[in-house]
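The sequence lines fix the lettering, A, B, ..., with proteins before strands; numbering per chain opens at 1.
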Number of protein chains: 2
Amino acid sequence: MRILIVEDDQKIASFVKHGLRAAGFAVDHADNGEDGLHLAMTESYDTSVIDIMLPKLDGWSLIETLREKKINTPVIILSAKRSVDDRVKGLQTGGDYYLTKPFAFSELLACVQALIRRANGESEPTRLTVGPLSMNLLTREVFRADRKIDLQPREFALLEYLIRNSGKVVSKTMIMEHVWDYNFDPQTNVVEARMCRLRDKIDRGFTKKLIHTIRGVGYVIK
Amino acid sequence: MRILIVEDDQKIASFVKHGLRAAGFAVDHADNGEDGLHLAMTESYDTSVIDIMLPKLDGWSLIETLREKKINTPVIILSAKRSVDDRVKGLQTGGDYYLTKPFAFSELLACVQALIRRANGESEPTRLTVGPLSMNLLTREVFRADRKIDLQPREFALLEYLIRNSGKVVSKTMIMEHVWDYNFDPQTNVVEARMCRLRDKIDRGFTKKLIHTIRGVGYVIK
DNA sequence: GAAGAACATTATTCAACGATAACATCATCA
DNA sequence: TGATGATGTTATCGTTGAATAATGTTCTTC
């Protein structure tokens with residue numbers, strides 16, 4: 001996850017930069033509007049934090065230019081101006097969130113996460129859960145209730161994909177694309193076969209089934 | 001563009017409602033958490049404005065429940081609590097914007113527009129509704145009021161087509177083309193037969209029928 | 001009000017889909 | 001190089017969803 005900071009106050013910039021890095025983001029920093037615009041246009045960021053009063057090119061113009069060029073990176077506006085008019089202007093110009101200085105870092109972080117969450121569904125957790133089932137993506141351990149479940153790599157990937165879309169129905173085509181990286185129909189029933197084994201490990205012996213087949217459509221976990 | 005307001009303070013609610021209506025939005029209002037949740041789950045909104053301190057079901061729980069149910073309507077949190085902790089909690093729970101009371105209407109309006117602007121670049125709707133009926137295309141769940149309805153794939157496709165054209169009469173030929181992919185007349189009564197089943201599941205037991213036959217022309221849902 | 005058309009309802013039949021298990025292949029590592 | 005484990009393949013079987021067709025109902029028209 002990459003974040004762009006455009007801020008001329010070195011103290012604030014460094015404070016935010018370190019905080020976000022500690023939270024696991026990759027952070028780029030520009031200390032003036034022109035450099036910020038250049039970075040935003042040539043690189044690809046998941047969110048940006050932009051000050052309004054900037055040397056060379058002010059924040060308003062920066063955001064406006066970005067939006068004109070159809071660059072839709074979410075923008076958190078960080079400004080010392082606290083008037084309602086400024087806040088409204090910020091949002092109307094193309095900003096997604098307006099934070100006034102001084103601000104709490106935890107709030108900025110929450111904003112960043114909220115915007116990223118909305119932009120690509122969900123944030124990047126290390127643990128995924130559905131009901132009694134939980135999987136740790138780091139240790140690659142899977143538990144149903146307290147019982148540990150051993151999964152083979154493919155099964156793990158399949159389960160991960162299901163859980164990331166928990167509640168939503170995913171088609172076999174989708175599954176093949178994301179879990180097998182097939183962009184064509186291999187004319188076999190790999191998915192069914194593997195799904196069968198996954199079920200065996202996850203649902204067998206339990207009354208409450210988690211994996212459901214939606215005939216003619218795909219599968220859901222819930 | 002439809003907006004949901006969940007707010008128990010009648011003064012504020014009415015103020016916001018009128019303002020948003022004047023700005024061209026269709027506004028629904030619930031004055032407690034339970035009703036708000038119900039509306040949010042059965043209707044489809046482009047944005048919602050939710051108070052935190054609510055009777056029956058508080059705002060936190062409301063938002064949490066929505067997100068659990070994969071209802072991703074943007075949420076503006078409207079709260080009297082101004083502490084950083086509350087703001088962070090609001091964003092982490094699933095809110096998209098945190099506004100503190102008292103607030104300027106123009107700022108709220110700008111938020112609403114910003115959220116809609118961002119949401120619109122994205123995909124087509126995931127939920128379709130007609131009156132008490134709502135279908136979630138992601139989870140493939142269909143509800144009439146609070147009652148869940150199980151549909152077979154064809155029935156689901158048929159209902160989807162009807163709702164996408166809700167209010168308009170669709171001919172059997174149209175239906176065959178779009179739901180069955182037939183470009184000729186199969187000389188059978190497939191459509192009637194399936195429509196019958198669909199009705200059985202959707203309208204049976206309810207006084208208010210949703211699916212109507214227009215003799216000699218086709219069908220409508222409304 | 002009778003006849004016929006348009007539509008509703010239901011049971012039966014059939015095919016497609018998916019579950020499953022046995023088998024084959026491939027890779028890895030001692 | 002052979003053993004082990006992971007993965008894909010194939011074949012078979014059961015289930016379920018959907019079309020058909022036969023029958024019943026309602027509406028329309030003369």
Side-chain angles (χ1 to χ4, degrees), chain A residues 135 140-142 148-162 169-207 209-221, chain B residues 135 140-142 149-162 169-206 209-221:
Chain A
M135 65 194 306
R140 298 185 76 83
E141 283 177 326
V142 178
K148 184 165 181 232
I149 296 172
D150 282 321
L151 294 184
Q152 296 172 352
R154 261 281 136 76
E155 287 158 9
F156 191 91
L158 178 54
L159 182 63
E160 179 180 343
Y161 185 63
L162 283 178
V169 179
V170 288
S171 68
K172 273 184 279 190
T173 317
M174 284 288 205
I175 293 176
M176 279 198 301
E177 263 187 46
H178 289 95
V179 180
W180 272 264
D181 245 322
Y182 285 174
N183 296 306
F184 54 93
D185 186 350
Q187 307 286 354
T188 78
N189 66 348
V190 233
V191 179
E192 281 106 320
R194 212 110 279 283
M195 190 66 79
C196 174
R197 285 171 202 180
L198 184 59
R199 265 180 164 142
D200 211 51
K201 297 182 177 176
I202 283 179
D203 277 340
R204 164 163 306 176
F206 294 91
T207 4
K209 307 294 181 198
L210 299 173
I211 297 178
H212 307 268
T213 305
I214 311 295
R215 203 157 224 274
V217 187
Y219 299 87
V220 216
I221 197 165
Chain B
M135 63 193 310
R140 296 187 76 87
E141 285 175 327
V142 178
I149 297 172
D150 282 320
L151 295 183
Q152 295 178 349
R154 261 282 137 73
E155 287 158 10
F156 191 92
L158 179 54
L159 181 62
E160 180 180 344
Y161 184 64
L162 284 177
V169 180
V170 287
S171 69
K172 273 184 279 189
T173 318
M174 284 288 213
I175 293 176
M176 278 200 299
E177 263 186 46
H178 289 95
V179 181
W180 271 262
D181 246 323
Y182 284 175
N183 297 305
F184 54 93
D185 186 350
Q187 307 287 350
T188 78
N189 64 348
V190 234
V191 179
E192 280 106 320
R194 217 105 275 282
M195 190 66 81
C196 173
R197 297 243 126 124
L198 184 60
R199 265 180 164 141
D200 206 53
K201 296 181 176 176
I202 283 178
D203 277 341
R204 165 167 302 178
F206 293 91
K209 306 297 181 197
L210 298 173
I211 298 177
H212 307 271
T213 306
I214 311 296
R215 221 185 152 75
V217 188
Y219 300 87
V220 217
I221 196 165

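Residues B:Y219 and B:M174 have side chains not in contact (no heavy-atom distance under 4.5 Å, counting atoms from C-beta outward). Side-chain contact between B:E192 and B:V190 is absent, with no heavy atoms from C-beta onward closer than 4.5 Å.
Each of B:R197 and B:N189 was matched to the nucleotide of DNA chain D holding its nearest heavy atom; the match closer to the 5' end belongs to B:R197.
What separates CD of A:Q187 from P of C:dG18 is a distance of 14 Å, to the nearest Å. Distance B:H212 NE2 to D:dC27 C1': 18 Å, rounded to the nearest Å. Protein atom CG of B:L198 is 12 Å distant from nucleotide atom P of C:dT9, rounded to whole Å. Between the CE atom of B:M176 and the P atom of D:dA19 there is a distance of 11 Å, rounded to whole Å. In this structure, B:M195 atom CE and D:dA19 atom P are separated by 13 Å, rounded to whole Å. Regarding A:E155, its CD atom lies at a distance of 9 Å from the C1' atom of D:dT7, rounded to whole Å. The separation between A:I214 atom CD1 and D:dT16 atom P is 13 Å, rounded to whole Å. One interatomic measurement links the two molecules: CG of B:L158 to P of D:dG17, which rounds to 16 Å at whole-angstrom precision.
Residue A:K172 has no polar side-chain atom (N or O) positioned under 4.0 Å from OP1 or OP2 of C:dC17. For the OP1/OP2 pair of D:dA18 and a distance below 4.0 Å, the side-chain nitrogens and oxygens of B:Q152 include at least one atom meeting the criterion. Between B:W180 and D:dA18 there is no side-chain N or O to OP1 or OP2 distance below 4.0 Å. Taking only side-chain nitrogens and oxygens, B:Y182 never comes nearer than 4.0 Å to OP1 or OP2 of D:dA18. Between B:T213 and the phosphate of C:dA8, there is a side-chain N or O to OP1/OP2 separation shorter than 4.0 Å. The shortest distance between the side-chain N/O atoms of A:Y219 and the OP1/OP2 oxygens of C:dC17 is not below 4.0 Å.
Using a cutoff of 4.0 Å between basic side-chain nitrogens and carboxylate oxygens, B:D200 and B:R204 are scored as salt-bridged. Salt-bridge formation is detected for the pair A:K201/A:E155: a Lys NZ or Arg NE/NH1/NH2 atom is positioned less than 4.0 Å from an Asp or Glu carboxylate oxygen.
Listed candidates were C:dT9, D:dT20, D:dG17. Nearest to the side chain of B:V190 is D:dT20. When distances are taken from the side chain of A:R194 to each of D:dT9, D:dA18, D:dG8, the shortest belongs to D:dG8. If you check D:dT9, D:dT20, C:dA8 against the side chain of B:T188, the one that comes closest is D:dT20.
Looking at heavy-atom distances under 4.0 Å, A:R154 makes contact with sugar-phosphate atoms alone, never a base. Residue contacts shown for A:F156 are absent, as no nucleic acid heavy atom lies under 4.0 Å away. Within 4.0 Å of A:R199, counting heavy atoms only, lie sugar-phosphate atoms of the nucleic acid but no base atom. Across all strands, B:E192 comes closer than 4.0 Å to base atoms (heavy-atom distances).
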Go through B:Q152 and B:R197 one step at a time and tell me if the side chain to side chain donor-acceptor pair (under 3.5 Å) criterion holds. CA-CA 10 Å; B:Q152 295 178 349; B:R197 297 243 126 124; 5.9 Å; no
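Counting atom types as modelled, B:R215 pairs no side-chain N or O with a base atom of C:dC7 as donor and acceptor under 3.5 Å.
The nearest pair of heavy atoms linking A:F156 to A:E141 is CE1-N, 4.4 Å.
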